[in-house]
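Worksheet: the structure to be examined is printed underneath.
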There are 2 protein chains.
Amino acid sequence: MVQYTAARLDASFGALADATRRGVLEQLERADASITQLADAFEMTLTGMKKHVGILEAAGLVITEKVGRVRTCRLGRRGLAEEAAWIERRRRLWEARFDALDEVVEELTRKEKARGRRKR
Amino acid sequence: MVQYTAARLDASFGALADATRRGVLEQLERADASITQLADAFEMTLTGMKKHVGILEAAGLVITEKVGRVRTCRLGRRGLAEEAAWIERRRRLWEARFDALDEVVEELTRKEKARGRRKR
DNA sequence: GTTATAGTGAACCAGATGGTTCAGTATACG
DNA sequence: CGTATACTGAACCATCTGGTTCACTATAAC
């Protein structure tokens with residue numbers, strides 16, 4: 001699952017659109033953790049935290065493994081490559097667009113000044 | 001508004017978690033557009049599209065200006081800098097974490113092989 | 001074998017989301 | 001002036017979200 005780009009971006013941006021889930025990811029950067037540990041860290045019920053982990057897992061950002069009665073969560077190896085690529089693409093194109101706009105503004109300003117010199 | 005990081009990331013990742021809204025951004029990369037044009041392009045009611053634009057605007061990704069009866073939408077200058085930074089940070093830290101893990105695995109593999117040589 | 005721990009699943013809740021329709025208002029056009 | 005266009009706002013709808021509680025299962029620990 002989480003394979004076609006549009007659905008994948010829906011899932012992962014959706015997963016990132018929540019401060020608790022972003023916090024969980026940052027937590028897992030430091031160390032793998034059980035559901036209980038995460039629930040404690042974010043002052044939430046086990047059930048609530050399990051839902052968050054489920055969303056992160058469905059988005060492919062986290063993987064979990066249950067050993068005995070403990071489910072350990074760790075960062076998914078897939079990471080955020082696709083998301084980063086999408087955003088970077090936007091940034092590059094937007095900047096190009098803004099630069100073009102800036103030129104127009106500059107041009108107008110130059111003409112305005114020239115007109116000012118002539119008229120005033 | 002859209003100023004403090006956590007709330008800003010909530011808003012912008014939330015805005016990006018929808019294919020229509022991502023599509024609108026890509027559309028605006030090519031040219032500014034009115035609500036009507038966007039609604040047509042995405043086969044949606046005016047009202048529906050206005051809501052999407054509202055969400056993008058609240059996230060600071062789009063700015064709009066109404067002249068006469070037409071509201072023109074364009075890309076917001078703020079762009080996706082903060083979002084890109086957050087994601088890139090994650091990527092760098094995750095890679096470091098995976099590299100560390102890889103070393104452990106490699107170490108174990110090496111030991112395993114050495115043991116194999118001795119015993120077999 | 002009893003008890004404590006870790007997680008799971010179902011059901012519920014209030015509020016958000018993604019859409020619609022319908023009834024306006026404001027502006028442009030002839 | 002009268003009509004068409006472009007948007008706006010309110011209300012409604014089904015579904016999803018983020019959270020809870022409660023009842024249950026599976027595993028550890030004594």
For [X] and [N], what is the distance between atoms [atom1] and [atom2] respectively, to the nearest whole Å?
X: B:F42; N: C:dG18; atom1: CZ; atom2: P; result: 14 Å
X: B:M49; N: D:dT8; atom1: CE; atom2: C1'; result: 16 Å
X: A:L16; N: D:dG18; atom1: CG; atom2: C1'; result: 16 Å
X: A:I35; N: D:dA26; atom1: CD1; atom2: P; result: 18 Å
X: A:D10; N: C:dT17; atom1: CG; atom2: C1'; result: 13 Å

Can you see whether A:E83 engages A:S12 through a side-chain donor-acceptor pair at a distance of less than 3.5 angstrom? yes
Inspect the contact between [Y] and [X] and indicate whether a charged nitrogen and a carboxylate oxygen are less than 4.0 angstrom apart.
X: B:E29; Y: A:R97; value: no
X: B:R8; Y: B:E82; value: yes
X: B:R21; Y: A:D10; value: no

Near DNA chain D, counting only heavy atoms under 4.0 Å, which residues of residues 18-30 of chain A show up?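 Output list: A:D18, A:R21.
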Close approaches to DNA chain D from residues 62-71 of chain A, in residue order (heavy atom, under 4.0 Å):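 A:G68, A:R69, in order of number.
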Which heavy atom of B:F13 sits nearest to which heavy atom of A:I87, and what is that distance? CE2-CD1, 4.4 Å
Would you name the heavy atoms of A:L61 and A:A15 that are closest together and state the gap between them?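 Result for this residue pair: CD1-CB, 4.1 Å.
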Please determine whether a side-chain nitrogen or oxygen atom of B:K50 lies at a distance below 4.0 Å from atom OP1 or OP2 of D:dA6. no
Below 4.0 Å: OP1/OP2 of C:dG19 and any side-chain N or O of B:H52: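 Yes, within the criterion.
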With nearest nucleotides of DNA chain D determined for B:K51 and A:G48 from heavy-atom distances, which residue corresponds to the more 5′ nucleotide? B:K51
Indicate, with a heavy-atom threshold strictly under 4.0 Å, whether A:L46 touches base, sugar-phosphate, or nothing.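 The answer is base, as A:L46 lies within the cut-off (heavy atoms under 4.0 Å) of a base atom.
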Test the B:R92-B:W94 pair against the cation-pi criterion, namely NZ or CZ under 6.0 angstrom from the six-membered ring centroid and within 45° of the ring axis.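 No, B:R92 and B:W94 do not form such a contact.
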Sequence neighbours left out, what passes side-chain hydrogen bond (donor to acceptor under 3.5 Å, both in side chains) with B:R91? Give chain and number order.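 B:E88.
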The single option from B:Q37, B:R74, B:Q27 passing side-chain hydrogen bond (donor to acceptor under 3.5 Å, both in side chains) against B:D32: B:R74
Donor-acceptor pair under 3.5 Å: do we get one between A:T47's side chain and the base of C:dG9? yes
